[in-house]
Each structure stands twice: as structure tokens, then as C-alpha cells.
Number of protein chains: 2
Amino acid sequence: MKRNTWQREAVREALDGTDGFISAQALHSSLHATGSPIGLATVYRALSDLSEQGEADSLQSPDGESLYRACSTTGHHHHLICRNCGLTVEIGAEPVETWAQQVASEHGFTQAAHVVDVFGLCANCTRLAAV
Amino acid sequence: MKRNTWQREAVREALDGTDGFISAQALHSSLHATGSPIGLATVYRALSDLSEQGEADSLQSPDGESLYRACSTTGHHHHLICRNCGLTVEIGAEPVETWAQQVASEHGFTQAAHVVDVFGLCANCTRLAAV
DNA sequence: AGGCTATTGATAATGATTGTCAAAACCACG
DNA sequence: CGTGGTTTTGACAATCATTATCAATAGCCT
């Protein structure tokens, strides 16, 4: 059975209060900074639970870390991420969904899953970078 | 200056002779299996070099390993990968390219890059899995 | 309240990747 | 064909994120 603990709740809230993606390590530090004695292993467990239950999304940073994010929509969606400031926009991707399915079946593949993330510079960072 | 060594050549050839993506570790084992005394660190270095020079593509497997592949086309393309046997098909993704650009600009993002990979089970593995 | 069991957390273990550094290999050049 | 200066190699240690271990704790049901 699934039990409710303050630790899990703390992780959920910390995620909610964070803009963009954050690593398990960073989230743990952040919690410690606010005085929470939560353990690192617990943060990892809570995050992978949340991710499994669809309450959080996860992706891998270019250098191999797993990053997590609390997502407002529970359905399937993708992300548009500013590579400079981390700002993240949730985006639907209907055209991509159908395209992925089609390409997969064209080649005889089944159980197609896909990784689709768009990295760029948000309007703000674009302006700053132009200077 | 960049020097040519048989080790670098060996890594390049091993990559060429491999279907689909392969991890640095696996490539190293594979080389050892053929009698090559090449060192693990060297394989890592050679792979990251090849990847930087655009002679190889790299991506991260769902469990965080870095995988490499020699790609036939040097242009921009994506991959359809069998998550069981590693079989890989290079796919163009025109619809996705335009979609990504469009979504990015809709949100004021510039310099949009994207990660698009489709994982599934190839026809063969699908059949095996059905048993 | 009592008991059963899931969860926690400190720490060890794992596993991929990168750093270190002396020895060996490469590449002009004479 | 040697020689010298540098790059590259490779064995091994170090790092870093993540996962496993396991006794102690804390939830939840009755």
C-alpha cells in the first residue's frame, strides 16, 4: 500500500515551487537549505515515484543527469526549454505524435515511444545575448 | 596537431561495423574480443572526438548511458531505435523540423535545437516478444 | 492502543565516465 | 634513417550520480 509521508509531500511542494527542471541533487540541497532533514535517497525515491505516477516529468540533461519537473498538465506533452535560463514551456505536439507513430509502423516498429524536446533561447535571453 | 593512430582508426572501423547505437563500454569489449589491446580511456576519447567532428552521432539511452553511432548521412537527421536489439533506422523528419521551428518562434524562442528520437520494438523483436 | 508493514535514511556499493601521468608512439626535419 | 619535441596512450585512481542494503521508524487499519 502507498503511504503518505511528510517527506513525499515536501518533495512535491519543492518541485512545485521550482521553475523549470531540477536535478535530484539540487532539489535535495534546496530542501536542506530550508532546514528539512530529508535524506538524499528519499528524494530520489520520491522523484521516481512522482515521475512514474505522471505527476512529474523527467528528462536527461546533456551531461547525463536526470532532471525533474512538476507538470501542470497530466497528459502526454513535451517541453520547450531555454538553455540559458531554464525557462520551460509545456507544449502539445499532435503533429509529432502522429508522425512518430507513422514512421514507426512504416518500419515495422511497435510500442513506439519518443523523446521530443526543443531547446532554444527564450525571448528574454535572446535579447540579453544580442547585447 | 592531430595525429593518426591505429587506435583511433580501430574505433572508427568498429563503429562503422556496428548496426545501431553502442555504448563506449560495449565498443571497448567488442574491440577486446577481436584481440585489440586498446584501452578503455582511449575508446572514450576517440568516441568523443569522432562525435565532436561530426563523424558520429551520440545520444543518451533512457538509463543514462551515452551511446554512439557512425552515421551514413552527414546532414541533420533523427533515429528510430529498437530498444531491445539496438537496430537503428535513420529517418528524416521534415514535419518535425518545421513544427519545432514554429513552436519555438510562437513562444519567442530563438536558436531552436531539438532532440527527437523514437524508441520502439522492431518487427523482429516484436515477434520474439509475443511468444 | 497494537501490530503489521511500508518508508526512511545513513552508508556502502555500483557503474559509467573523466583525470592523472609516466611511458610509448607519431611526425617532421635534418 | 636517427632525433627531438609533442601528442597519445593506457593502467589506475578519482569522481559523480544513482541504487541497494537494512535496521530503525512511522503510517495506517482495526
Side-chain angles (χ1 to χ4, degrees), chain A residues 1-15 18 20-53 55-70 86 115 117, chain B residues 1-15 18 20-53 55-69 81 83 86 115 117 119:
Chain A
M1 190 202 317
K2 204 65 136 189
R3 292 179 183 175
N4 282 338
T5 61
W6 64 265
Q7 285 97 335
R8 232 185 277 272
E9 204 48 45
V11 169
R12 194 198 315 264
E13 281 180 23
L15 249 200
T18 303
F21 284 85
I22 188 172
S23 71
Q25 305 270 350
L27 196 62
H28 176 238
S29 306
S30 154
L31 280 165
H32 260 199
T34 68
S36 169
I38 192 171
L40 177 58
T42 304
V43 174
Y44 273 100
R45 276 185 293 243
L47 283 175
S48 75
D49 281 358
L50 285 175
S51 163
E52 253 174 47
Q53 299 168 212
E55 295 194 53
D57 261 12
S58 69
L59 62 77
Q60 307 216 346
S61 76
D63 49 316
E65 259 182 311
S66 284
L67 304 181
Y68 296 89
R69 179 165 197 272
V115 179
D117 289 297
Chain B
M1 190 203 314
K2 203 65 137 189
R3 293 180 183 174
N4 281 337
T5 60
W6 64 266
Q7 286 96 336
R8 231 185 279 271
E9 205 47 46
V11 168
R12 194 198 314 264
E13 280 180 23
L15 249 199
T18 303
F21 283 85
I22 188 171
S23 70
Q25 306 268 350
L27 195 62
H28 176 238
S29 307
S30 154
L31 281 164
H32 260 199
T34 68
S36 169
I38 193 172
L40 178 57
T42 304
V43 174
Y44 273 99
R45 277 185 292 242
L47 283 176
S48 74
D49 281 358
L50 286 175
S51 162
E52 252 174 48
Q53 299 170 211
E55 295 194 52
D57 261 11
S58 70
L59 62 78
Q60 307 216 346
S61 75
D63 49 317
E65 258 181 312
S66 284
L67 304 182
Y68 296 88
R69 179 164 199 273
I81 304 150
R83 75 167 67 92
V115 179
D117 290 298
F119 291 86

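Here is the naming used below: chain letters follow the sequence lines, and residue numbers restart at 1 for every chain. For clarity, every value in this text was computed on a predicted model and none was experimentally measured.
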Indicate whether OP1 or OP2 belonging to [N] is found under 4.0 Å from a side-chain N or O atom of [X].
X     : N      : result
A:Q7  : C:dG9  : yes
A:Y44 : D:dT19 : no
B:T5  : D:dT9  : yes
B:R3  : C:dA25 : no

Interatomic distance where [atom1] belongs to [X] and [atom2] belongs to [N] [whole Å]:
X     : N      : atom1 : atom2 : value
A:D49 : D:dT19 : CG    : C1'   : 14 Å
B:H28 : C:dT17 : NE2   : P     : 13 Å
A:K2  : D:dA26 : NZ    : C1'   : 16 Å
A:W6  : D:dT25 : CH2   : P     : 15 Å
B:Q60 : C:dA16 : CD    : C1'   : 11 Å
B:L40 : D:dA13 : CG    : C1'   : 13 Å
B:N4  : C:dC26 : CG    : C1'   : 10 Å
B:Q25 : C:dG15 : CD    : C1'   : 8 Å

Give one of base, sugar-phosphate or nothing for [X], where a contact means two heavy atoms less than 4.0 Å apart.
X     : result
A:T42 : base
B:E65 : sugar-phosphate
B:S23 : nothing

- Message: What's the separation between atom CD in B:Q7 and atom OG1 in B:T42, rounded to the nearest 0.5 Å?
- Response: 6.0 Å
- Is A:V115 close to A:L59 at the side-chain level, that is, under 4.5 Å between some pair of heavy atoms?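 No, their side chains stay 4.5 Å or more apart.
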- Hey, does A:I22 have a side-chain heavy atom less than 4.5 Å from the side chain of A:L67? no
- Message: Please give me the minimum heavy-atom distance between A:L31 and A:A14, naming the atom from each residue.
- Response: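 Looks like CD2-CB, 3.9 Å.
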- Message: My understanding is that only residues two or more places apart in sequence, or in another chain, count here; which of them pass salt bridge (charged side-chain N to carboxylate O under 4.0 Å, His left out) with A:E9?
- Response: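 In terms of salt bridge (charged side-chain N to carboxylate O under 4.0 Å, His left out), with neighbours along the sequence ignored, A:E9 is linked to A:R12.
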- Task: Take A:G39 and B:S48, find for each the nucleotide of DNA chain C with the closest heavy atom, and name the residue whose nucleotide sits nearer the 5' end.
- Result: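 The 5'-side residue here is A:G39.
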- Message: Can you say whether a donor on the side chain of B:R45 sits under 3.5 Å from an acceptor on the base of D:dT9, or the other way round?
- Response: no
